[in-house]
Amino acid sequence: QVQVVESGGGLVQPGGSLRLSCAASGIIGRLYAMGWYRQAPGKQRDLVARIGSRGDTYYAESVRGRFTISRDNSKNTIYLQMNSLKPEDTAVYYCNVEALGWGQGTQVTVSS
């Protein structure tokens with residue numbers, strides 16, 4: 001059974017940085033694409049960044065140049081380095097392992 005666990009959320013001031021981590025366990029035999037999504041109150045869940053099994057990346061336009069996604073294949077873990085955070089980045093951030101499942105989410109709040 002695959003388990004997906006996020007960590008690293010919190011409260012940060014505008015312009016600050018946070019690093020999210022997502023560890024997936026129970027995966028056997030291959031690497032999967034993984035991604036970060038976010039959902040603000042009253043809005044749909046949107047893709048923020050995605051990293052393929054070979055390290056290819058995609059970013060939503062709203063975060064391009066500020067966020068960086070990376071992965072450690074030996075740990076089945078991905079990271080999201082978030083810099084120059086804005087209040088509109090406030091949301092619950094969810095990790096997804098493609099075709100396998102979601103984490104429980106971690107809250108990111110950007111506020112002064």
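The figures here come from the full heavy-atom set of this structure, side chains too, leaving out hydrogens, waters and symmetry mates.
- The heavy-atom pair separating V12 from G16 by the smallest distance is CG2-CA, 3.8 Å.
- You'll find the side chain of W36 reaches within 4.5 Å of the side chain of C95, heavy atoms only.
- From M34, atom CE reaches atom OG1 of T77 across 7.0 Å, with rounding to the nearest 0.5 Å.
- To the nearest 0.5 Å, atom OG of residue S21 and atom CD of residue Q81 are 9.5 Å apart.
- Listed for the D72 side chain is no donor-acceptor partner under 3.5 Å among the backbone atoms of I78.
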I would like to know whether T57 and Y59 meet side-chain contact (heavy atoms from CB on, under 4.5 Å); could you show each step before the answer?
CA-CA 7 Å; T57 58; Y59 296 94; 3.8 Å; yes
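- Of all the heavy atoms in Y93 and D89, the pair that sits closest is OH-O, 2.7 Å.
- Follow the hydrophobic side-chain contacts under 4.5 Å out from V48 and you never reach V92; the two are in separate clusters.
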Take L31 and N76 through the test side-chain contact (heavy atoms from CB on, under 4.5 Å) and record every step on the way to the result.
CA-CA 8 Å; L31 296 174; N76 267 327; 3.9 Å; yes
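- Judged purely by distance below 3.5 Å, without hydrogens or angles, the side chains of D46 and Q44 pair a donor atom with an acceptor atom.
- Remark: side-chain polar atoms of T90 are paired, donor with acceptor, to backbone N or O of V110 under 3.5 angstrom.
- Panel note: side chain E6, backbone C22; no donor-acceptor pair is recorded below 3.5 Å.
- Applying the side chain to side chain contact (heavy atoms under 4.5 Å, CB included) test between F67 and each of L80, L18, N83 identifies L80 as the sole match.
- By the 6.0 Å contact criterion, CZ on R64 is enclosed, its count of non-hydrogen atoms from other residues, nucleotides or ligands being greater than 12.
- Hydrophobic clustering keeps V5 apart from Y37 (ILVMFWY residues linked when any side-chain heavy atoms are closer than 4.5 Å, directly or through intermediates).
- In this structure, the side chain of R66 engages the main chain of S84 through a donor-acceptor pair within 3.5 Å.
- Here the closest non-hydrogen pair linking V108 and G9 is CG2-CA, 4.2 Å.
- Among all heavy-atom pairs drawn from A33 and G52, the shortest one is CB-CA, 4.0 Å.
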Take V63 and M82 through the test side-chain contact (heavy atoms from CB on, under 4.5 Å) and record every step on the way to the result.
CA-CA 9 Å; V63 306; M82 305 185 294; over 6 Å; no
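- Following chains of ILVMFWY side-chain contacts shorter than 4.5 Å, one cannot reach Y94 starting from I27, and the two form parts of different hydrophobic clusters.
- Taking every heavy atom of both residues into account, R71 and I51 meet most closely at NH1-O, 3.5 Å.
- Under the 4.5 Å side-chain criterion, counting only non-hydrogen atoms from C-beta, S62 is in contact with R38.
- Shortest non-hydrogen contact noted between Q107 and A91 is NE2-O, 3.4 Å.
- More than 12 heavy-atom neighbours from other residues, nucleotides or ligands sit within 6.0 angstrom of CD on Q104.
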Criterion side-chain contact (heavy atoms from CB on, under 4.5 Å) on S111 and L11, from CA distance to verdict:
CA-CA 7 Å; S111 175; L11 172 64; 4.2 Å; yes
